[in-house]
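Values reported hereafter were calculated over all heavy atoms of this structure, with side chains retained and with hydrogens, waters and symmetry mates removed. Computed from a prediction, not measured in an experiment: that's the story for all the values here.
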Amino acid sequence: MQNGTFFTPPMSIDCGNTVHLGKNVYANHHLTMMSLGTITIEDGVMMGPEVGLFTVNHEPQNIRVIKTGTITIKKNAWLGARVSVLPGVTIGENAIIGTGAVVTKDIPANSVAVGSPAKVIKRL
């Protein structure tokens, strides 16, 4: 891990070699990373307890087939408690994701998104 990066245990990760971390990243307890599809977390990102980053899903026509998508969380983003981020999503720089949100699509920089699915409600 980079200087200043800290994850509060416990946490779960399945493919550590596909996770790329910046400096001063913080994750509260019970972070889950299903990272087969690659996760990039840039400098200064903060994550609340029980955040889930899921790069893996199944094909609806054949649930035995796995598909992956990269998750990218840009600098200084903040994910509240129990946020779930799905495959292929980029969360923009300085974005805030409200507690319990399910992020299914990209969230632009400097915005606040909440809900399931997460929707932008405010620009910062």
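- A donor-acceptor pair under 3.5 Å is formed between the side chain of T5 and the backbone N or O of G22.
- For the pair P87 and N57, the tightest heavy-atom approach, listed with the atom from each and the gap, is CG-CB, 4.2 Å.
- The two residues A95 and P108 make their nearest non-hydrogen contact at CB-O, 3.8 Å.
- Between the side chain of H58 and the backbone N or O of I63 there is at least one donor-acceptor pair closer than 3.5 Å.
- Separation of atoms NE2 (H30) and CD (E50) is listed at 6.0 Å; rounding is to 0.5 Å.
- Under the side chain to side chain donor-acceptor pair (under 3.5 Å) criterion, D43 pairs with no residue at all, not counting sequence neighbours.
- Panel note: side chain T68, backbone L36; no donor-acceptor pair is recorded below 3.5 Å.
- Around the CG atom of L124, the shell of radius 6.0 Å holds more than 12 heavy atoms that belong to other residues, nucleotides or ligands.
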> side chain to side chain contact (heavy atoms under 4.5 Å, CB included) between L53 and I41: does it pass, once the steps are laid out?
Replying inline: CA-CA 11 Å; L53 307 176; I41 302 172; 4.0 Å; yes
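- Checked against M47 for a side chain to side chain contact (heavy atoms under 4.5 Å, CB included), the options L31, V83, I97 give a single hit: L31.
- M46 and I96 fall within a single hydrophobic cluster, where Ile, Leu, Val, Met, Phe, Trp and Tyr are joined by side-chain heavy atoms under 4.5 Å apart, directly or via other members.
- A donor-acceptor pair under 3.5 Å is absent between the side-chain atoms of S116 and the main chain of A101, judged by distance alone.
- When the side chain to side chain donor-acceptor pair (under 3.5 Å) test is applied to T40, no partner is found at least two apart in sequence or on another chain.
- For the pair P9 and H29, the minimum side-chain heavy-atom distance is 4.5 Å or more.
- Criterion: ILVMFWY side-chain heavy atoms under 4.5 Å apart, direct or through other members. Under it, L86 and I71 are not part of a common hydrophobic cluster.
- Side-chain atoms of R82 never come within 3.5 Å of backbone atoms of G52 as a donor-acceptor pair (strictly under, hydrogens ignored).
- Residues V25 and M11 fall within the same hydrophobic cluster, defined by Ile, Leu, Val, Met, Phe, Trp and Tyr side chains chained together at heavy-atom separations under 4.5 Å.
- The structure places OG1 of T32 at 5.5 Å from CZ of F54, a figure rounded to the nearest 0.5 Å.
- Not one N or O on the side chain of T99 forms a donor-acceptor pair closer than 3.5 Å with the backbone of G80.
- Clustering ILVMFWY residues whenever any of their side-chain heavy atoms sit less than 4.5 angstrom apart, transitively, puts I13 in the very cluster that holds L79.
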>> For D14 and S12: C-alpha separation, side-chain torsions, deciding distance, then whether side chain to side chain contact (heavy atoms under 4.5 Å, CB included) applies.
In response: CA-CA 7 Å; D14 58 359; S12 300; over 6 Å; no
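- Nearest heavy atom pair, residue T38 against residue H20, reads CG2-CD2, 3.8 Å.
- Ion pairing between K75 and E93 fails under the 4.0 Å rule for side-chain N and carboxylate O.
- Looking at I39 and T55, their side chains come closer than 4.5 Å, going by heavy atoms from C-beta outward.
- For the pair L21/F7, a side-chain contact is recorded, criterion being any heavy-atom separation below 4.5 Å from C-beta on.
- Residue A113 comes nearest to A118 through the heavy atom pair CB-CB, 4.2 Å, listed as atom of the first residue, atom of the second, then distance.
- A search for side chain to side chain donor-acceptor pair (under 3.5 Å) contacts involving N110 returns N94, not counting sequence neighbours.
- Note on V103: it clusters hydrophobically with V120, by side-chain heavy-atom contacts below 4.5 Å among ILVMFWY residues.
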